[in-house]
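The structure appears below as structure tokens.
Numbering of residues begins at 1 and proceeds along the displayed sequence.
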Amino acid sequence: MSPPISPRHYDFARQLRRLLSVVLAVALASTLTALVRPAPATAAPGDLILNGTFDNGSTQPWWTRLASTSTTVNAGQLRVRTSATVGKPVWEDLVGHFEFGVTAAQPYRLQFDASADVNRSLRVSVSRADTPFTSAVDQSVALTSSTRRFTFDFASPFGDPKAVLLFHFGGQAASTVRLDNISLTPLAVDPATDPILYWNGILLATYRALDLPPTDSSREAAILHAAMHDAAVSVTGVGNPYRVRVPVSYPGTMDNVVAPSLHAAIDKAAYDVLTALYTRHGRSFTVALGDAVKRRPSGVNDAEVARGETVGAAAAAANLQARANDGSDNTTAYPVQENVPGAWRPTNGKAAVSPNWGLVTPFALTSGRQFRPGLPAGATNYEDLLGKEEYDTQVREVRDYGGQESSLRTDDQTQIAFFWANDLGGTYKPLGQLFTHTRTVSEQRQLGILANARLFGLVALALADAAIAAWDAKYQTSIDLWRPVTAIEATEGTGWQPLSKTREGVPYTPAFPAYVSGHATFAGAWSAVMKRFFGTDAIAFDATTDDPHAVDVVRHMTGFDHAAEENALSRIYLGVHYRFDAEAGLATGRSVGAYVFANRLRQ
């Protein structure tokens, strides 16, 4: 239901409808007298405005609101002689153009040349043609006798097939205004101005600065992207929110009907979430917010920014509150079973990381065990597992291909191992690599703000639930499997070390059980979302890495499954996982990703 509007709004609505009927009548008359009329109005390719150059000598399809306002074409310019409307609303005197539509979140550029015989202001807007009379762009410019070129970029906060471009002359003394070269053109997608991509980049920079576990990082990413998605959906009305659709009203008189700024809403949602999540780690996002403001389109006024920030703050608050008691702060210590063969025990002197994460409330799944895989090799307990030939085969595979001194591992397998690692502090971690690949494909496919809000939202939710599902399998089952380095030492004695290492070259194994692989689960969830979002797996892209042992390495992926499977296998070559860790992780992640895509952020 539209919000109540004042009698002044109703008067304007009647006037616009009357003007529209006049425009249609004029169009019919123009058809009947085409032989004596100037050439028909046209627009340049991509331009939504007909006859914005007035080269054909006609004023059509431009119209005026007041009978006392006259328009003529002189020397290829539209000359508008306005009446005195001092003390009256600016919309009392208008020159306008119907007959075009705008798309929600699509970037546009409005340009025009203007001058006046006296110094005066001119207000220009691209608005809905009917209630609520909100504007996609609403700016005032100062005119002098010298012609100036004015340019305003904006992302429409709404979609409307019947938009109107208005030049407002009211509230001023009589004058003659000259307009020319008026154009409204859709802009190509520019990743540098996309707030979803920008704040995801800030998140990855935070990953690099803070050496946090993937469990916590996945939760934070999901809250961030869910809030930005909800802010975008609330402003534009397009799509279904994850947590909340913030009600958007349009306060003000006809002089100031305020629509929220899409960029401001997303920026505020991101800033509030990141501040709430990372302040305890000593991080500030004030500078990042300032940079985000500089990236906003020029055609946004202060009132629109304020309304957008209100929406963004509400979206952030709703998503933060929803996770306030999700179990992520459970610090119950893990009971290490040092004397049980097959049971996990520390490999680098570090305590078990996130042992209770499988109990965290999921973002989409019904529980962390919803897609729990069977125990490794179909075993029933540790003794059964260690007695299986499949277990022995897999231990030998890691020993032969994942050791520091392996003679069987190829150069390409070594590159694969480090390329997908990103375990060390200072890297963007496994999640950051998958987000980076998401961005690569997004830019390749030239996705806009709304598409990115949904895509990154789905990826983030899937990765967060993948972490919960993987950590459930790691810690909440009857087998918390020891790592290869421990297994090999138990049978062959000390001496074997995995290829995995710190920046200083010290052998390194992540501090949590082997089964299932977190990398593989994340990769499976990511690939499942990407395939469904784009409707195909056959999208090739060049993948990059942050790992210090694979500097400047780029690997060409033929599709999302190729990337996910290579990611999973990399853990064998790195010497930190068995093959069944990788295979079960991939399968679990794919189930998680498919479920998230089917049940959240649906269009």
Side-chain angles (χ1 to χ4, degrees), residues 46-48 102-111 124-126 135-139 149-159 163 183-206 224-225 227-236 238-239 259-274 285-309 311-312 315-316 435-436 438-457 459-460:
D47 188 0
L48 303 181
V102 293
T103 301
Q106 167 66 44
Y108 295 92
R109 174 165 293 166
L110 172 65
Q111 292 185 302
V124 59
S125 65
V126 175
S135 297
V137 62
D138 190 338
Q139 294 286 330
R149 182 72 166 163
F150 297 96
T151 300
F152 295 107
D153 292 345
F154 65 97
S156 180
F158 55 79
S183 64
L184 178 64
T185 54
L187 295 176
V189 171
D190 181 0
T193 64
D194 188 320
I196 303 297
L197 299 181
Y198 173 78
W199 287 105
N200 180 264
I202 297 300
L203 176 69
L204 268 55
T206 305
L224 169 66
H225 281 287
M228 291 196 292
H229 175 269
D230 285 358
V233 167
S234 297
V235 169
T236 63
V238 177
S261 161
L262 177 62
H263 283 74
I266 294 172
D267 288 344
K268 179 63 172 174
Y271 174 79
D272 282 4
V273 167
L274 291 174
F285 298 92
T286 303
V287 173
L289 179 59
D291 289 342
V293 171
K294 295 175 184 177
R295 294 167 182 262
R296 291 176 186 168
S298 58
V300 180
N301 62 43
D302 291 343
E304 292 163 343
V305 168
R307 290 287 296 141
E309 289 178 345
V311 172
F435 277 127
T436 298
T438 306
R439 180 187 184 116
T440 297
V441 177
S442 165
E443 293 182 3
Q444 175 182 311
R445 293 295 167 126
Q446 297 184 309
L447 300 189
I449 294 174
L450 283 181
N452 277 329
R454 181 168 178 257
L455 173 60
F456 278 78
V459 167

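- Side-chain contact between F154 and D138: absent, with no pair of heavy atoms (C-beta onward) separated by less than 4.5 Å.
- Test T151, D47, T185 against Q111 for side-chain hydrogen bond (donor to acceptor under 3.5 Å, both in side chains) and you get one pass: T151.
- Side-chain contact between L48 and Y108 is present, with heavy atoms from C-beta onward closer than 4.5 Å.
- Within the model, atoms NE2 of H229 and CD1 of I196 stand 9.0 Å from one another, a figure rounded to the nearest 0.5 Å.
- With a 4.5 Å cut-off on side-chain heavy atoms, L289 and W199 count as touching.
- Closest non-hydrogen pair, L450 versus T236, comes out as CD2-OG1, 3.7 Å.
- Residues L447 and A451 share a closest heavy-atom pair of CB-CB, 4.0 Å.
- Taking CG of D267 as the start and CZ of F285 as the end, the distance is 13.5 Å to the nearest 0.5 Å.
- Screening residues 443-455 for salt bridge (Lys or Arg N to Asp or Glu O under 4.0 Å), with sequence neighbours left out, gives R439-E443.
- Considering all non-hydrogen atoms of both residues, A105 and A155 come closest at O-CB, 4.1 Å.
- Heavy-atom minimum distance, P157 versus A136: CD-CA, 3.7 Å.
- The backbone N or O of A306 sits nowhere less than 3.5 Å from a side-chain atom of E309 that would complete a donor-acceptor pair.
- In this structure the side chain of I266 never reaches within 4.5 angstrom of the side chain of Y198, judged on heavy atoms.
- Checked by atom type and distance alone, the side chain of H263 pairs as donor or acceptor with a backbone atom of T193 at under 3.5 Å.
- No side-chain heavy atom of Q139 sits under 4.5 Å from any side-chain heavy atom of L110.
- Put simply, the side chain of P195 reaches to within 4.5 Å of the side chain of I449, judged on heavy atoms.
- Put simply, the side chain of N200 does not reach to within 4.5 Å of the side chain of T438, judged on heavy atoms.
- Of all heavy-atom pairs spanning A232 and A453, the tightest one is CB-CB, 4.3 Å.
- With sequence neighbours excluded, no residue satisfies ring pair (Phe, Tyr, Trp, His ring centres under 6.0 Å) with Y271.
- The backbone N or O of L187 lies less than 3.5 Å from a partner atom in the side chain of Q106, making a donor-acceptor pair.
- Under 4.0 Å is where a charged nitrogen must lie from a carboxylate oxygen, and between K268 and D272 at least one such pair does.
- The two residues A188 and P107 have their closest heavy-atom pair at O-CG, 4.4 Å.
- Interatomic distance, CZ of R296 versus CG of L262, reported as 10.5 Å (0.5 Å rounding).
- Checked by atom type and distance alone, the side chain of S298 pairs as donor or acceptor with a backbone atom of D153 at under 3.5 Å.
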